[in-house]
Amino acid sequence: MAPVNDPHWIIHLPTTFTRADEAATLAVALRRSLGHVLAIDFGETTLSEADRQHLRTPVWCDHRLPGGSRCARRADHAGSCSADCAASPL
């Protein structure tokens with residue numbers, strides 16, 4: 001990842017989904033298939049309605065864990081945080 005003080009870009013990826021859970025399913029699939037791409041910070045993934053993009057819902061917990069990794073579980077998970085993506089079922 002680039003240092004925080006360097007400019008970086010965010011990709012907004014509009015979909016035709018009409019339900020948040022469908023969009024979250026796509027986000028999970030993208031993370032599983034592109035998780036090896038270090039330039040993508042999936043921990044910061046959020047969902048928003050097209051007409052209310054200022055209201056964002058996080059997909060993952062994103063809590064910082066010891067060692068600098070992030071929790072990979074869903075934002076509303078119960079129990080302790082985990083860096084394991086497999087611990088993040090839909």
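In this chain, numbering begins with 1 at the start of the sequence shown.
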Kindly give the heavy-atom pair with the smallest separation between Pro14 and His12, and that separation in Å. CD-O, 3.2 Å

For Ala72 and Ala83, which heavy atoms make the closest approach, and how far apart are they? CB-O, 3.7 Å

In one Ile/Leu/Val/Met/Phe/Trp/Tyr side-chain cluster, 4.5 Å: Leu65, Trp60: no

Under 4.5 Å between any side-chain heavy atoms of Phe42 and Leu34, yes or no? yes

Measuring from Thr15:OG1 to Leu13:CG, what's the distance to the nearest 0.5 Å? 7.5 Å

Hydrophobic cluster membership, Ile10 vs Leu30, 4.5 Å side-chain cutoff: no

Should Arg74 and Asp76 count as an ion pair when the cut-off is N to O under 4.0 Å? no

Can you check whether Arg70 reaches Asp41 side chain to side chain, under 4.5 Å on heavy atoms? yes

The test is side chain to side chain contact (heavy atoms under 4.5 Å, CB included); show your working for Arg31 and Val28 and say whether it passes. CA-CA 5 Å; Arg31 183 180 194 167; Val28 170; 5.7 Å; no

Is any side-chain heavy atom of His63 closer than 4.5 Å to a side-chain heavy atom of Arg73? no

Non-hydrogen side-chain atoms of Thr46 and Thr57 separated by less than 4.5 Å: no

Any side-chain heavy-atom pair of Glu22 and Thr25 under 4.5 Å: no

Check whether any side-chain heavy atom of His77 sits under 4.5 Å from a side-chain heavy atom of Cys71, and report yes or no. yes

Checking the side chain of Gln53 only, and the main-chain atoms of Ala50 only, is there a donor and an acceptor separated by less than 3.5 Å? yes

Could you tell me the separation between the CG atom of Leu55 and the CG atom of Leu47, rounded to the nearest 0.5 Å? 12.5 Å

